[in-house]
Enquirer: 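Sharing a structure, written as structure tokens. Questions coming.
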Amino acid sequence: MLTPTALLLPAFAPWFDIAGLGVFAASGALAAAKRGQTAVTLAFFGLITGVGGGTVRDLLIGAPVFWVHDARVPTVCLAVSALIWVTPERWWRDDALAWFDAIGLAAYAVYGAAKALGYGIPPVPAAVMGVVTACVGGIIRDVLAGEPSILMRPELYVTAAALASASYVLLDLLGVPRAVAAGIAAAAGFALRAAAIHWHLGLPAYRGRR
């Protein structure tokens, strides 16, 4: 039997959700692992990073908080955290994680925008919800780990999420089939983030009055 949420979301959505969830949970658990923390801390970081953005999104759009009603979500986060706990750190290189994170970022941004549209949110706020979904978990992770927030770094990260979510919303408004729109939008967001990783691209910083 389909749940109300399932009726509102396009068919591609669960795959995009799991892709983003697993990668962000991994990034959270690794943030704790690299500081020599306990298994409990790894699990907490993995869970809060994985579900943080989606939780804020659901509260803002008036949807049931997704992970409270779906046991698979915390299970994925905790399983990823456990995997990192039992494997050596050399398996999780920073550059490899950055590429996986780029995939998760693009997928989660599209999923967040699609879910917001499914709940009747207008296009511009729906695109913003895509950015919230993709970025807020990482912001919470950085704050808890004492790292500079992704919002305070010039690298093209939030911008890539914005490109993915805005592209999906625009293509959906133009009547492009949702699965096609999702693929194009996620590819655009990933391409921008990949370019930023490879060529160290960033936005210009404010320099004040000249």
Side-chain angles (χ1 to χ4, degrees), residues 10 12-31 34 45-46 48-54 56-57 76-77 80 84 91-117 124 126-143 145 147-172 176 178-206:
F12 67 82
W15 299 104
F16 278 62
D17 188 23
I18 293 299
L21 186 70
V23 171
F24 288 135
S27 72
L30 281 170
K34 290 180 178 180
F45 266 67
I48 199 68
T49 306
V51 306
V56 173
R57 175 206 62 223
V76 168
C77 293
V80 169
I84 291 173
W91 288 17
W92 307 95
R93 298 185 306 165
D94 288 341
D95 55 347
L97 182 62
W99 287 102
F100 281 114
D101 183 76
I103 297 172
L105 180 79
Y108 235 20
V110 171
Y111 174 78
K115 184 168 185 177
L117 288 175
V124 173
V128 173
M129 289 301 100
V131 177
V132 167
T133 305
C135 297
V136 167
I139 294 171
I140 296 172
R141 175 200 64 214
D142 291 343
V143 170
E147 293 286 340
S149 168
I150 55 176
L151 285 176
M152 303 301 291
R153 300 198 294 264
E155 62 187 274
L156 295 176
Y157 190 92
V158 177
T159 307
L163 176 62
S165 61
S167 297
Y168 176 78
V169 170
L170 178 60
L171 291 170
D172 185 66
V176 176
R178 288 177 172 177
V180 176
I184 294 172
F190 173 77
L192 181 58
R193 180 62 186 143
I197 294 170
H198 184 74
W199 287 296
H200 305 287
L201 302 179
L203 295 173
Y206 175 70

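Positions are given from 1 along the sequence. Hydrogens, waters and symmetry mates are skipped; everything else that's a heavy atom, side chains included, is used.
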Enquirer: May I ask you to decide if G50's main-chain N or O and Y108's side chain share a donor-acceptor pair within less than 3.5 Å?
Expert: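 Yes, because the side chain of Y108 sits within donor-acceptor range (under 3.5 Å) of the backbone of G50.
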Enquirer: Tell me every residue that passes side chain to side chain contact (heavy atoms under 4.5 Å, CB included) with A195, counting only those two or more places apart in sequence or in another chain.
Expert: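 A195 satisfies side chain to side chain contact (heavy atoms under 4.5 Å, CB included) with W199, L201 once adjacent residues are dropped.
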Enquirer: List the steps and the verdict of side-chain contact (heavy atoms from CB on, under 4.5 Å) for V169 and V124.
Expert: CA-CA 8 Å; V169 170; V124 173; over 6 Å; no
Enquirer: In the structure I gave you, are the side-chain heavy atoms of F45 and L30 within less than 4.5 Å of one another anywhere?
Expert: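 Not touching, per the 4.5 Å side-chain cut-off.
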Enquirer: For a quick test of reading the model, state the closest non-hydrogen atom pair linking A185 to Y168 and the distance between them.
Expert: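 Smallest heavy-atom distance, with atoms named: CB-N, 3.4 Å.
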Enquirer: Which atom names give the shortest non-hydrogen contact between L156 and A196, and what distance separates them?
Expert: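 Nearest heavy atoms, L156 then A196: CB-CB, 3.7 Å.
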Enquirer: Minimum heavy-atom separation for L163 and A188, please, with both atom names.
Expert: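 That closest heavy-atom pairing would be CD2-O, 3.4 Å.
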Enquirer: Apply side chain to side chain contact (heavy atoms under 4.5 Å, CB included) to A186 and list each qualifying residue two or more places apart in sequence or on a separate chain.
Expert: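 For A186 the side chain to side chain contact (heavy atoms under 4.5 Å, CB included) partners, ignoring immediate neighbours, are F16, A106, V110.
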Enquirer: Return each pair, listed once, that meets side chain to side chain donor-acceptor pair (under 3.5 Å) where at least one residue sits in residues 150-165; pairs must be two or more places apart or across chains.
Expert: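 Passing the test, one end in residues 150-165: D101-Y157, R153-E155, E155-R193.
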Enquirer: Under a 4.5 Å cut-off applied to non-hydrogen side-chain atoms, are I184 and S167 in contact?
Expert: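 A side-chain contact under 4.5 Å is absent here.
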Enquirer: How about Y111 and M129: do any of their side-chain heavy atoms sit closer than 4.5 Å?
Expert: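 A side-chain contact under 4.5 Å is absent here.
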Enquirer: Heavy atoms, side chains only, cut-off 4.5 Å: are L21 and V51 in contact?
Expert: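 Answer yes - side chains close enough.
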Enquirer: Using every non-hydrogen atom in the two residues, find where V80 and A25 come nearest and quote the distance to one decimal.
Expert: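 Where V80 meets A25 most closely, the heavy atoms are CG1-C, 4.1 Å.
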Enquirer: How many angstroms lie between atom CG of D142 and atom OG of S149, to the nearest 0.5 angstrom?
Expert: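 Separation between the atoms: 5.5 Å.
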Enquirer: Check the pair L151, I139 against side-chain contact (heavy atoms from CB on, under 4.5 Å), reporting the backbone distance first and the verdict last.
Expert: CA-CA 7 Å; L151 285 176; I139 294 171; 3.5 Å; yes
Enquirer: So which heavy atom on T49 is nearest to which on S27, and how close?
Expert: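 That closest heavy-atom pairing would be CG2-OG, 3.7 Å.
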Enquirer: Kindly give the heavy-atom pair with the smallest separation between G52 and I140, and that separation in Å.
Expert: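 Closest heavy-atom pair between G52 and I140: CA-CD1, 4.2 Å.
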Enquirer: Are the side chains of I48 and R141 in touch, meaning some heavy atoms are under 4.5 Å apart?
Expert: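 I48 vs R141: side chains apart.
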Enquirer: Enter the distance from F190:CZ to I103:CD1 here, rounded to the nearest 0.5 Å.
Expert: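 Here the rounded value is 5.0 Å.
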Enquirer: Evaluate the side-chain proximity of F24 to F100: yes if any heavy-atom separation is below 4.5 Å, no if none is.
Expert: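 When only atoms from C-beta onward are counted, F24 and F100 do not touch, as no gap falls below 4.5 Å.
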